[in-house]
2 protein chains.
Amino acid sequence: MNIRTIDWKNNSVRIIDQTKLPQKLVYIDIGRLEALCRAIKILQVRGAPALGAAAALGVYLGVRDYPGSDWTGFHSKLKEAAKYVASSRPTARNLFWGIERVCDVALKNNRHPVSRIKRIILSEGKKIMQEDISSCRKIGFYGSKLLKHNSNVLTICNAGILATIDYGTALGVIYSACAEGKKIKVFSCETRPLMQGSRLSSWELYKQGVDVTMIADNTAAALMAEGKVDLVIAGADRIASNGDSANKIGTFNLAILCKYHKIPFYIAAPKSTFDFRIKSGKDIKIEMRGEKEVARILLKKDIAPPGTRVLNPAFDVTDHHLISAIITDKGIIRPPYVKNIGRAFRENKCV
Amino acid sequence: MNIRTIDWKNNSVRIIDQTKLPQKLVYIDIGRLEALCRAIKILQVRGAPALGAAAALGVYLGVRDYPGSDWTGFHSKLKEAAKYVASSRPTARNLFWGIERVCDVALKNNRHPVSRIKRIILSEGKKIMQEDISSCRKIGFYGSKLLKHNSNVLTICNAGILATIDYGTALGVIYSACAEGKKIKVFSCETRPLMQGSRLSSWELYKQGVDVTMIADNTAAALMAEGKVDLVIAGADRIASNGDSANKIGTFNLAILCKYHKIPFYIAAPKSTFDFRIKSGKDIKIEMRGEKEVARILLKKDIAPPGTRVLNPAFDVTDHHLISAIITDKGIIRPPYVKNIGRAFRENKCV
């Protein structure tokens, strides 16, 4: 089944409304910046690579109706749109990278008429989508070498089709291994509070014909102790220069459980998820989300007494010492990370 | 607020229907063995020490209407009732211990008329409740020494009032420290899939005026990394001779996270939770529960695609190497456990 998470259709950003899954597969066309940022905030569209494309197209929505033809005025509008998109969610590096890509291309072409700059921005947004399609396949190609026939893989959250344009990072590795004819068994952590593992990963793995079993996040250690997990692969929202990786809350837990059980723990992410300006995970801003996401089940029924205080960080940071390797679109990066991340992206050399 | 989880009232077992919490505090009177076993199965009453009392009273409900006066016939009925209660849930040692207690006292008194044996069985059930009230306070007394003023304690599931007669094991330690005037901050893991942490522990801690914050189970590692957790205390469902402890699924995860972060991890449980006949956790039977508990939110709304396979063990086993100490009604037991568990219960000596 071909699923496309983000596309440019009808002069709008067409996304799958992921809050409706797994019950309904609903596409929505978004033509306004404000609506797109709301869709990002409420997680109708989510996943770091998908947010990169959504953010770039969002900036275009913000500037396309600018009526003037002067660069100065247009540039103000562009900065305003960029700032607005940047305020939607703080953790995923790709979102900011997508904004920077379209702003940079606009600046570089500021000698052109405004109408042409607008077309260049849209074209850059489409290019980001094309690049994601290609880079996910590269991640899949490199990562699938780590999976054997009959490997049992545990994953968390959704780093699949629904987190990218159409293939996935962590799940892309699995799709790639399956396409090579390897039999892969996947355990999908449900991923409280918002259940991306059960709602999204189980859904797309099932649609792609992959053998998937869902577990409560709490079951991971028991499963590992029984020898049922050969490796863990997770996506990432932002990776520091030393390899520290922010990803969905609970990822750090899995990495520690892997260390204890001597199971490899992999991160899969494209270059656009790396933040070369920060040294370590300490500099990553972790988004804190509303209490009701935890205190209410899918925001509807109270599962805690009214007034219960809740701490709801959306992400955690996994120390690079716990990461066996980072699977990227440039190849597999192994420790020592400071050196090898630099080499991989500067010299295109992976070990 | 005084809360009594199990009592003998109106010739019935009066329990709080815990499936109705936190929305409603509902007491139900159960006068039939079958209804009581159903209440155990669907977790209207749960928690290892509470199950010990419920099982003993359940056996009484099963035999009290025996019409004959012959020991042989009564003994058959007693065994039948015991077997029926024993089939309700497999993991909590206390449940079997409660059944054995009332069966043993009946056998020891088999020279008496059947009507008197029935009274002796009921009286033993009431004695079990009294002993639990006392042993939880002892656990609280011994355990509170491990908590300092301003300690931050993380706990999982519910090992509180609602898991015992009226005080708790892990939460009893917290209540005891609070009663001594210590300021304690509690983090309650929500405890997927059935949310005993958010529904029950948050509820009773709040009612008792304890400072409680709820987290998704996935948040535990991030919280520890931030230095916000000084110690973890969990209850237990069955403890092997070597200290391996079965408890709610997710407990083992916390113990591993504690080891990584160098945080003490404690188990709190009465003597009746110890299974001296088994050497290690490998011999503990783990209850597997229905898929829908995970695939549906509180059994109502699908959160996974229909047909999703789910693995839903209710408990996991924490290796004794990960347990800093076991807080019991006889005192605090520290490693080496094989030796010190024996000493504690044979010679009443704790180190």
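Protein chains get the first letters and strands the later ones, always in sequence-line order, with residue 1 at the start of each. Predicted, not measured: the structure shown is a model, and the values here were computed from it.
Taking chain B as the reference chain and counting heavy-atom pairs below 4.5 Å, the highest number among N218(A), V310(A), D319(A), T219(A) is found for N218(A). Highest contact tally toward chain B, considering only N312(A), I156(A), L311(A), is held by L311(A) [criterion: heavy-atom pairs under 4.5 Å]. Most heavy-atom pairs under 4.5 Å with chain B, from the set A225(A), S188(A), S202(A), A220(A): that is S202(A).
Across all non-hydrogen atoms, the minimal contact from C189(B) to T191(B) is O-OG1, 2.7 Å. Scanning both residues, L162(A) and L21(A), for their nearest heavy atoms gives CD1-CD1, 3.8 Å. Here the closest heavy-atom approach between residue I326(A) and residue I323(A) is recorded as CG1-CG2, 3.9 Å. Taking all atoms of both residues into account, the shortest heavy-atom contact from A246(B) to T91(B) is CB-CG2, 4.2 Å. A pairwise comparison of heavy atoms in T155(B) and A234(B) identifies OG1-CA, 4.5 Å as the closest pair.
For the pair I3(A) and Q208(A), the minimum side-chain heavy-atom distance is below 4.5 Å. Between I215(A) and V294(B), the closest side-chain pair of non-hydrogen atoms is not below 4.5 Å. A heavy-atom distance below 4.5 Å is not found between the side chains of D244(A) and T318(A). I278(B) is not listed as a side-chain neighbour of R93(B), based on a closest heavy-atom distance of 4.5 Å or more.
Contacts between F187(B) and chain A at a heavy-atom distance below 4.5 Å involve the side chain alone, from C-beta outward. No part of L205(B) comes within reach of chain A, as not one of its non-hydrogen atoms sits under 4.5 angstrom from that chain. With a threshold of 4.5 angstrom between heavy atoms, L223(A) approaches chain B through side-chain atoms but not through N, CA, C or O. Contact annotation for V212(A): only backbone heavy atoms (N, CA, C, O) come within less than 4.5 Å of a heavy atom of chain B. Both the backbone and the side chain of D217(A) come within less than 4.5 Å of a heavy atom in chain B.
Heavy atoms from other residues, nucleotides or ligands lying under 6.0 Å from OH of Y337(A) number more than 12. Heavy atoms of other residues, nucleotides or ligands lying less than 6.0 angstrom from CG of N2(B) number 12 at most.
A donor-acceptor pair shorter than 3.5 Å can be found between the side chains of R46(A) and N158(A).
Against chain A, no residue from residues 235-243 of chain B qualifies, as none has a non-hydrogen atom under 4.5 angstrom away. Within residues 249-265 of chain B, the residues approaching chain A closer than 4.5 Å by heavy atoms are, in numerical order, I249(B), G250(B), F252(B), N253(B), I256(B), L257(B), K259(B), Y260(B), H261(B).
Between D211(B) and R309(A) there is a salt bridge, since a side-chain N of the basic residue sits under 4.0 Å from a carboxylate O of the acidic one.
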